[in-house]
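Naming convention: chains lettered A, B, ... in sequence-line order (proteins, then strands); numbering from 1 in each chain.
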Number of protein chains: 2
Amino acid sequence: MKKILGMLGGMGPGATVDAFSKLVTNTQASKDQEHIPVIIVSIPDIPDRTENIIHHGPSPLPAMIDSLRILERAGVSCIIMPCNTAHYWYEDLKSSVNIHFISIIDTACNKIIEMGIKRIALLATTATIYTQLYQDKLKKHKIECIIPDEINQYKIMQSIISYKAGDLIKAKELIYPYIDQLKSLGINKFVMGCTEIPLILNEPAKIYPNDFIDATEELIKETISWYNLNGYTIDDELNKVVEHY
Amino acid sequence: MKKILGMLGGMGPGATVDAFSKLVTNTQASKDQEHIPVIIVSIPDIPDRTENIIHHGPSPLPAMIDSLRILERAGVSCIIMPCNTAHYWYEDLKSSVNIHFISIIDTACNKIIEMGIKRIALLATTATIYTQLYQDKLKKHKIECIIPDEINQYKIMQSIISYKAGDLIKAKELIYPYIDQLKSLGINKFVMGCTEIPLILNEPAKIYPNDFIDATEELIKETISWYNLNGYTIDDELNKVVEHY
């Protein structure tokens, strides 16, 4: 039996759809049966991550662990979590299960390093910026990470909140001026370090895929690579050979 | 605790993404926490439904029951399955669990009846056509169900197979001439009775939403209605009141 991937989603639901969609479209498959088996837990009633980190709201960790336990009981072999801010609790989550867990922060940073980028603007929630999830990793590789001033960061956070509330137009209006401002300063590499941002910036990211590093897309590509190396048991491999002959 | 919806997916994975996406976009929510909790099992290694019904291939039922058991063990309160052909086994699946199970065929047919449509063209897999899943229900309401001749049905099936293999252009090329042919005969109501078809016919379905009945969309709308009536426990309702004051 093929191994099953587990997706700890719901943060938010739209970003979970995007991650699932990217999993399906990035998988090489000529029929249903060749796609990667996945169980997605999208139970969005998880206390807001930024509210907890910035404003001392209730911790999301117990609810995240509840979702993780559902995946564990279902027998998944690898876990991904398409939410950057939630990776503040990555070590807590990882250590609470004995399952391979791929970090979205690590995969996005690795992509930035591989691309030889020396300076990049970080687009993320206020909590992701505050907890230095990206800055700490990029600093080790001497990559300059540009973060917004307080007013622009407020607008980016409002953009993310607007997207989550279903107002894509407002979300775009709130973030585009900052992108233009950075471009006018000669900064044209951006890491979309919040899983709602690729959905807000889908148009420029499509036109300039090398300028907008999509953390979700990188996570999914890394997951597919992991699956292609580790997802099949010896029985599966034998079945493939039998089918071939 | 809010009730959890279960989605028996993987048939095919792209159609499961579409159903999940429609669930999120059709839900009225101002923040993550207001979205419907859902667990999606997309384990696509289920024997092909049409192959079984038409060419006596292996039965998909045991694998579908395996997916259903995962949802049952995770504690879901309502099940949906975004695959029309798989509803040939609807009664077997429904009777194997003690969980509310909403039928995509029933919801799509109810929509057609409500709209007062008297004649509709069925776009579906060869197995869905052969097993009369739609025809039997529509006949009871004196609705004429137009099914393709053998050559056109072959092309529609190849269109669905092409979509599943990732070739959207070929999928479109194979199905569009039949739509045009029917339109030239004055037939302009279509039921997209295969969950891949709204993805192939997304353009005309967007332009003429009243002409293209999308079984996936109807299933999702019915599910959200069910959830709004049945998804909340008394504790949830009390919490809502407490939050309000």
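- Within a 6.0 Å sphere centred on OH of B/Y130, other residues, nucleotides and ligands contribute 12 heavy atoms or fewer.
- The CG atom of A/L8 sits 5.5 Å away from the CG atom of A/L68 when rounded to the nearest 0.5 Å.
- Both the backbone and the side chain of B/T16 come within less than 4.5 Å of a heavy atom in chain A.
- Considering only heavy-atom pairs separated by less than 4.5 Å from chain B, the leading option among A/S21, A/P44, A/P37 is A/P44.
- The part of B/I46 that comes within reach of chain A is its backbone (N, CA, C, O), which places non-hydrogen atoms under 4.5 angstrom from that chain.
- Between B/C83 and B/R49, the shortest heavy-atom contact is SG-NE, 4.3 Å.
- Listed options A/D32, A/L71, A/V41 were ranked by heavy-atom pairs under 4.5 angstrom with chain B; first place goes to A/D32.
- Only the backbone of B/I36 comes within contact range of chain A, with at least one heavy atom under 4.5 Å from a heavy atom of that chain.
- Using a 4.5 Å cut-off between heavy atoms, B/V24 contacts chain A through its side chain alone, with no backbone atom that close.
- The aromatic rings of A/Y227 and A/Y232 stand perpendicular to each other, their planes meeting at an angle above 60°, with 30° marking the opposite boundary.
- For a residue to count as touching a neighbouring chain, one of its non-hydrogen atoms must lie under 4.5 Å from one of that chain's; by this rule A/D167 does not touch chain B.
- No more than 12 heavy atoms of other residues, nucleotides or ligands sit less than 6.0 Å from atom CD1 of A/I169.
- For the set B/S42, B/G12, B/S30, the entry with the most heavy-atom pairs within less than 4.5 Å of chain A is B/S42.
- Salt bridge absent: B/K221 and B/D214 never bring a charged side-chain N and a carboxylate O closer than 4.0 Å.
- Contact of B/D48 with chain A is made through backbone and side chain together, with heavy-atom distances under 4.5 Å.
- Taken from CD1 in B/I39 to CD1 in A/I39, the straight-line distance is 9.0 Å, to the nearest 0.5 Å.
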